[in-house]
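Heavy-atom basis, side chains included; hydrogens, waters and symmetry copies ignored. Below, read A as the first sequence line, B as the second, and so on, with proteins coming before strands; counting in each chain starts at 1.
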Amino acid sequence: MERKWEAKLKQIEERASHYERNPLSPVYRPRLSKSEEPPSIWKLFHRQTHAFNFVKSCKEEVHVFALEYKVGDGQRIYLVTTYAELWFYYKSRKNLLHCYEVIPENAVCKLYFDLEFNKLANQEADGKKMVALLIEHVCKALQELYGVHCSAEDVFNLDSSTDEKFSRHLIFQLHDVAFKDNIHVGNFVRKILQPAFHLIASEDDDSISETTGHRFSHFPETPIKQGISFSEMSSDEGRGESRTRNSKEQERLESAEQSSPDLSFLVVKNNVGEKHLFVDFGVYTRNRNFRLYKSSKIGKQVALEVAEDNKFFPKQSKNISEENQYFLSSLVSNVRFSDTLRILTCDTSQNKQKRVECFNSTRTKAENIEGYNCSPYPEIDQFVRSLVDKNGIKGGIRRWSYFFPEELLVYDICKYRWCENIGRAHKSNNIMILVDLKNEVWYQKCHDPVCKAENFKSACFPLPAEVSLLFLLKEEEEFTAAETMNSDTQNPHEPPSGLSSKDAISDAAWDSGLDEADFVEAAEDAELAEAAECGLLGTAAETLVPDEPITQPRPGCARCRATAEVWMKDLPFAHFPRSNKTSGKMIRMPG
DNA sequence: CAGCGCTACCACACCCC
DNA sequence: GGTGTGGTAGCG
């Protein structure tokens with residue numbers, strides 16, 4: 001034990017001395033680029049939190065993907081890149097064979113399903129018919145609960161079946177509609193399939209896998225909110241309009257309750273004969289990994305492909321191939337903000353209860369409901385509150401939504417209605433404050449139909465220093481600069497001298513997105529063939545970004561700035577998505 | 001050196017009748 | 001015996 005410790009200590013000292021001999025170049029030297037091409041972003045991380053922290057610090061629109069790399073134990077590493085760059089390397093299907101989208105917690109996303117049953121245990125089951133019936137039921141539910149119209153033509157239907165197992169993914173391509181996050185999707189799915197739980201519970205008490213409510217109805221509970229619409233004229237809560245909407249909902253609910261749908265087609269048996277549902281409810285958890293279109297599980301051959309009975313066909317585009325369109329459609333968290341987008345929510349009854357209690361306990365204070373209407377960025381919430389607390393009017397945050405692609409936080413404001421467009425407060429329409437985390441600016445839009453019609457967007461104002469990522473990072477850099485290990489960054493592609501070859505490879509993987517030539521070369525290297533087989537583009541598992549930073553950020557360079565992800569991990573803004581277990585500072589939303 | 005986020009299950013403590 | 005709690009194996 002002691003010897004091990006001494007060896008570690010010696011290793012650290014050696015490394016420290018190396019960094020002293022090779023101090024960090026103070027000047028930022030951009031990498032040589034062929035033309036005006038956007039820079040490559042291709043980074044691998046062992047830890048999901050590090051990957052998300054890197055995303056936060058990246059100016060470009062990047063996403064986290066999980067790659068399986070070890071047969072058997074399902075171990076994964078995390079890749080951060082753009083959709084376009086991933087597709088560039090991914091499309092040939094010679095590499096990156098086992099990729100998963102990480103559906104970021106708290107991010108707006110599409111409605112999706114994972115469906116499966118054992119064919120041997122359910123020989124009479126007609127999978128295609130079950131899918132069609134499910135889609136029909138879901139569309140009906142969307143119509144009745146949210147007034148959202150859709151059909152089987154809006155459902156991207158992916159098949160991953162084998163001889164043993166029927167397996168599908170459904171990704172709903174709703175028009176200008178999405179869910180607040182995948183937890184809300186899960187609540188919605190559980191809600192609309194509750195009669196099926198009853199079916200299992202009544203027939204077989206041993207295999208209840210989900211707790212159920214006591215009411216036996218079609219869609220047992222109306223969501224507490226119907227989702228704000230960024231387009232509709234709305235939404236003074238508790239006043240005339242929302243009351244009108246609520247009574248409409250009541251009508252929908254009542255008509256739904258008159259007849260209970262037959263969901264018996266959802267009941268299947270597992271390989272030991274226990275009853276289960278065709279729908280997998282385990283896929284609605286935070287940061288869920290969801291297998292990509294054309295990826296297979298490691299150790300298996302079968303990839304997700306367009307199902308025979310798929311009825312969704314993406315729009316033709318000049319610039320984007322059909323396959324790429326399918327790929328983009330399959331991505332659950334690929335939802336961009338737009339003025340006309342509606343965000344659906346679906347709370348559990350427990351959360352509703354909490355919300356009511358919270359509201360009752362704080363309403364006398366006429367304050368915001370702390371803890372519920374807070375985003376995972378408390379500093380930014382506070383700043384937004386300060387923006388809407390002027391001229392004796394204390395506005396509040398009614399709700400927030402997060403759009404991962406643009407890193408955009410959209411705050412719906414209550415009480416405070418001052419609109420820059422008309423130079424006064426709106427009489428009946430609320431405003432929005434949008435915080436663009438990428439560009440560190442905020443601006444105002446509003447729900448007023450006239451302002452919307454002219455696509456009004458206020459001027460952009462910089463976020464104040466205290467909530468700016470740059471500021472926090474700079475402080476942290478100054479703090480750590482003296483004691484941080486430096487390395488030679490003269491050429492990002494050239495590993496620091498004096499390190500082991502293993503470290504050298506690490507550095508290359510650490511610092512660069514492979515360009516096409518690199519990629520081909522790497523993939524053809526016989527020694528790396530196995531790793532390539534695992535889909536790692538020739539960067540074997542041990543060549544990943546280590547937890548310790550080897551390069552230090554170069555001031556002014558967005559990409560290099562980002563490599564400080566390790567230093568960032570304890571900063572407040574880094575706790576979104578949720579930070580790792582050890583920090584435990586993340587405010588988790590109820591539920 | 002190295003995944004993550006759950007849920008079901010178990011052991012145990014504590015309480016009450 | 002009922003209920004709450006804390007740890008963990010194992011699943012997706």
J.: Starting at CD of Glu68(A) and ending at P of dC4(B), how long is that distance when rounded to a whole Å?
T.: 15 Å

J.: Which class fits the ring pair Phe278(A) and Phe166(A): parallel under 30°, tilted 30 to 60°, perpendicular over 60°?
T.: tilted

J.: Using five base pairs at each end, measure the axis-to-axis angle across the helix from dC4(B)-dG12(C) to dC15(B)-dG1(C) and round it to 10 degrees.
T.: 0°

J.: Tell me, which pairs form a salt bridge (charged side-chain N to carboxylate O under 4.0 Å, His left out) where one or both residues lie in residues 292-303 of chain A, sequence neighbours left out?
T.: Lys294(A)-Glu305(A), Lys294(A)-Glu323(A)

J.: Under the side chain to side chain contact (heavy atoms under 4.5 Å, CB included) test, which residues partner Asp159(A), sequence neighbours left out?
T.: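 Once residues adjacent in sequence are excluded, the partners of Asp159(A) under the side chain to side chain contact (heavy atoms under 4.5 Å, CB included) criterion are Ser161(A), Arg168(A), Ala307(A).
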
J.: Which residues satisfy the ring pair (Phe, Tyr, Trp, His ring centres under 6.0 Å) test with Phe172(A), sequence neighbours excluded?
T.: Phe113(A)

J.: In this structure, how many angstroms lie between the C1' atom of dC4(B) and the CZ atom of Arg47(A), rounded?
T.: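 So the two atoms are 11 Å apart, to the nearest Å.
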
J.: Can you tell me if Gln48(A) touches the phosphate of dG5(B), counting only side-chain N or O atoms and a distance under 4.0 Å to OP1 or OP2?
T.: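 Gln48(A) to dG5(B) OP1/OP2: side-chain N or O found under 4.0 Å.
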
J.: What pairs with Phe327(A) under ring pair (Phe, Tyr, Trp, His ring centres under 6.0 Å), at least two apart in sequence or on another chain?
T.: Trp87(A), Tyr90(A)

J.: Output yes when at least one side-chain N/O atom of Arg286(A) is less than 4.0 Å from OP1 or OP2 of dC4(B), else no.
T.: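 For dC4(B), neither OP1 nor OP2 has a side-chain N or O of Arg286(A) closer than 4.0 Å.
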
J.: Check the distance between dG12(C)'s C1' and Glu116(A)'s CD and give it to me in whole angstrom.
T.: 8 Å

J.: Listing time: all N or O pairs from protein to nucleotides 6-8 of chain C that are below 3.5 Å?
T.:
none

J.: To the nearest Å, how far apart are Asn187(A) CG and dC6(B) P?
T.: 13 Å

J.: Ser296(A) pairs by side-chain hydrogen bond (donor to acceptor under 3.5 Å, both in side chains) with which of Gln301(A), His98(A), Arg291(A)?
T.: His98(A)

J.: Just to verify, what does Glu407(A) make a salt bridge (Lys or Arg N to Asp or Glu O under 4.0 Å) with, not counting sequence neighbours?
T.: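 Residues passing salt bridge (Lys or Arg N to Asp or Glu O under 4.0 Å) with Glu407(A): Lys56(A), Lys438(A).
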
J.: What interatomic distance, in whole Å, is found between C1' of dG3(B) and the corresponding atom of dG10(C)?
T.: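 Between the two C1' atoms, the distance is 15 Å.
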
J.: Just how far, in rounded Å, is P of dA8(B) from CZ of Phe281(A)?
T.: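 Answer to the nearest Å: 13 Å.
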
J.: From C-beta outward on Tyr78(A), which listed nucleotide comes closest to its side chain: dC6(B), dG12(C), dC4(B)?
T.: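 Among dC6(B), dG12(C), dC4(B), the one nearest the side chain of Tyr78(A) is dC4(B).
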
J.: Rounded off to whole Å, could you give me the OH-to-P distance for the Tyr69(A) and dA2(B) pair?
T.: 8 Å

J.: Which of these nucleotides, dG12(C), dC4(B), dC6(B), is closest to any side-chain atom of Val283(A)?
T.: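 Of the candidates, dG12(C) comes closest.
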
J.: Identify the pairs formed between an N or O of the protein and an N or O of nucleotides 9-11 of chain C at a distance under 3.5 Å, and give each distance.
T.:
none

J.: For residues 119-139 of chain A, which residue pairs qualify under salt bridge (charged side-chain N to carboxylate O under 4.0 Å, His left out), counting only residues two or more places apart or in two chains?
T.: Lys128(A)-Glu308(A)

J.: Would you please name every residue forming a salt bridge (Lys or Arg N to Asp or Glu O under 4.0 Å) with Arg93(A), sequence neighbours left out?
T.: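 For Arg93(A), no residue satisfies salt bridge (Lys or Arg N to Asp or Glu O under 4.0 Å) once neighbours in sequence are set aside.
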
J.: Between dG12(C) and Arg288(A), is there an OP1 or OP2 to side-chain N/O distance shorter than 4.0 Å?
T.: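 No, because none of the side-chain N or O atoms of Arg288(A) sits under 4.0 Å from OP1 or OP2 of dG12(C).
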
J.: Would you kindly give the CG-to-P distance between Asn289(A) and dG3(B), to the nearest whole Å?
T.: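 Asn289(A) atom CG is separated from dG3(B) atom P by 13 Å.
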
J.: Going by the rule ring pair (Phe, Tyr, Trp, His ring centres under 6.0 Å), which residues pair with Tyr112(A) if we only count those two or more places apart in sequence or in a different chain?
T.: Tyr284(A), Phe290(A)

J.: How would you label the contact of Gln75(A) with the nucleic acid (heavy atoms, under 4.0 Å): base, sugar-phosphate, or nothing?
T.: base

J.: Are any of Asn287(A)'s side-chain N or O atoms less than 4.0 Å away from OP1 or OP2 of dG5(B)?
T.: yes

J.: Could you check, using the six-membered ring where one of them is a Trp, whether Trp42(A) and Tyr89(A) have ring centers closer than 6.0 angstrom?
T.: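 So the answer is yes for these two rings.
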
J.: Could you list all the salt bridge (charged side-chain N to carboxylate O under 4.0 Å, His left out) pairs where at least one residue sits in residues 326-336 of chain A, not counting sequence neighbours?
T.: Glu61(A)-Arg336(A), Arg336(A)-Glu406(A)

J.: OH of Tyr284(A) versus P of dT7(B): gap in Å, rounded?
T.: 14 Å

